[in-house]
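The chains referred to below are lettered A, B, ... by the order of the sequence lines, with proteins before strands, and numbering in each begins at 1.
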Protein chains: 2
Amino acid sequence: MAADAAETTDAGGDGGETWADVSPEAARRLLLAAVDAFAERGFHATTTRDIAGRAGMSPAALYIHFRTKEELLYQISRVGHERSVRILTEASEVSEDPAERLASAVRTFVRWHAERHTTARVVQYELNALSPEHHEQIVELRRRTGAVMRGILEDGVAAGRFAVPDVPGTALALLSLCIDVARWFNPDGPRSPEQIGELYADLALRMVGAH
Amino acid sequence: MAADAAETTDAGGDGGETWADVSPEAARRLLLAAVDAFAERGFHATTTRDIAGRAGMSPAALYIHFRTKEELLYQISRVGHERSVRILTEASEVSEDPAERLASAVRTFVRWHAERHTTARVVQYELNALSPEHHEQIVELRRRTGAVMRGILEDGVAAGRFAVPDVPGTALALLSLCIDVARWFNPDGPRSPEQIGELYADLALRMVGAH
DNA sequence: GTCTATAACCAGATAGAC
DNA sequence: GTCTATCTGGTTATAGAC
């Protein structure tokens, strides 16, 4: 799965590669600072002064690059969701074998939510703070995520390789399992993102009765 | 003051049975109003005026019953977590059979998170807004939840009925799956809490390789 | 116990100098 | 583009009448 789309390749960590092609540099620093602050305190508890301070700027400088605090959240949410859909899609295209596709999708999606848990936390848990218009756009991206997962399961069932009585429900559960990693993952904990990815890929195969 | 209430039995719905024995009545109305407001907007975006207004009181009346807005969140969180631990524990004691115990625990825990998704959302997703002292108390209650789930899996493995390579990791995944229901559950959606409970109980049995 | 009124403070956002 | 200074409005919490 070569990543050559519009959004740059990524390395590990939460260092900010996601925003590598945002310019000018000040806007990038602000986005990075906002991700950290939103993840730590939540959108509403974060002040624009805090974001600007983390980026080494005055409160007013933020408004040169973003119209409002919500605009900052929207950019984070949009880029994060686009990345998330792309990661899941590409990971599900590694093979023709349904079990390999599912394992790859879950492993990769979980790894992303663990490695990028800071970004993922904002992306997955601060949606409600978006304006109605922005919220609707993000929900549309999420529908695509659900469709990808259902597609994998449907193909596995059609090929006689999965035993899944309720495809939409199981797809929901699988995505739910992956996404929730962002909530509880702790980089100082006993498990690495890779280990969690492997564990969850195995659990996913069991859930669909792969054989 | 308020809410030293032991816990009551519950009925269905999110109507407020959880707070049935909180007195005086004004404190109960405030707790109920706060749950709705926190679930809808999040703790930080909720104003004390909003809470008091929903309870049909003036902003100042809130401070007769609760020292601060955070105190209100703490009571909700504490009672919710105590209830949550108790529900999981009792559900896991229905039988001696590991598979029945796991299915009962997951079914019941999921149903609670769906039926009481409003309360559960606050209980599970607004922890960060608690003061450090209160946060620590709640984390301790959460550790007990984890211990209950691990106990079920260990017993199943010891009895030779479950095939679980990583008990703590799988326990984490199972709880994660249940808890995340509170995030996405929609009472107007196609699935009832009972249906989701059944689906998830089945998925849980598959995850542990029950036989 | 609840109300009205208000204190004390802090947020998001803007103006204008450099 | 960034800064300092400030505006405007909303926030938690309190005082004192009833």
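Distance, B:L62 CG to C:dT2 P: 11 Å, rounded to whole Å. What separates CD1 of A:I51 from P of C:dC10 is a distance of 18 Å, to the nearest Å. For A:E71 and C:dA13, the CD to C1' distance is 14 Å, given to the nearest whole Å. In this structure, CZ of A:R28 is placed 16 Å from C1' of D:dG1, rounded to the nearest angstrom. In this structure, the CZ atom of B:F66 is 15 Å from the C1' atom of C:dT2, given to the nearest Å. The nearest whole Å value for the distance from the CE atom in A:M57 to the C1' atom in C:dG12 is 17 Å. As a whole-Å value, the separation of A:L30 CG from C:dA13 P is 14 Å.
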Apply the test side-chain contact (heavy atoms from CB on, under 4.5 Å) to residues A:L127 and A:H81: give CA-CA distance (whole Å), side-chain angles for both, the deciding distance (0.1 Å), then the verdict.
CA-CA 11 Å; A:L127 292 185; A:H81 273 91; 3.7 Å; yes
A:Q195 vs B:D166, side-chain contact (heavy atoms from CB on, under 4.5 Å): CA-CA, chis, key distance, verdict
CA-CA 11 Å; A:Q195 290 171 324; B:D166 178 350; over 6 Å; no
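A donor-acceptor contact closer than 3.5 angstrom is absent between the side chains of B:E133 and B:Q137.
Note: A:F109 and A:W112 have parallel aromatic rings, judged against thresholds of 30 and 60 degrees for the angle between ring planes. Ring-plane geometry between B:Y200 and B:W184 is classed as tilted, the angle between the planes lying from 30 to 60 degrees on a 0 to 90 degree scale.
A distance of 9.0 Å separates CG in B:L73 from OG1 in B:T68, rounded to the nearest 0.5 Å.
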For nucleotides 4-13 of chain D, 5' to 3', base contacts (B), sugar-phosphate-only contacts (S) and non-contacts (-) with protein non-hydrogen atoms under 4.0 Å give B-B----BBB
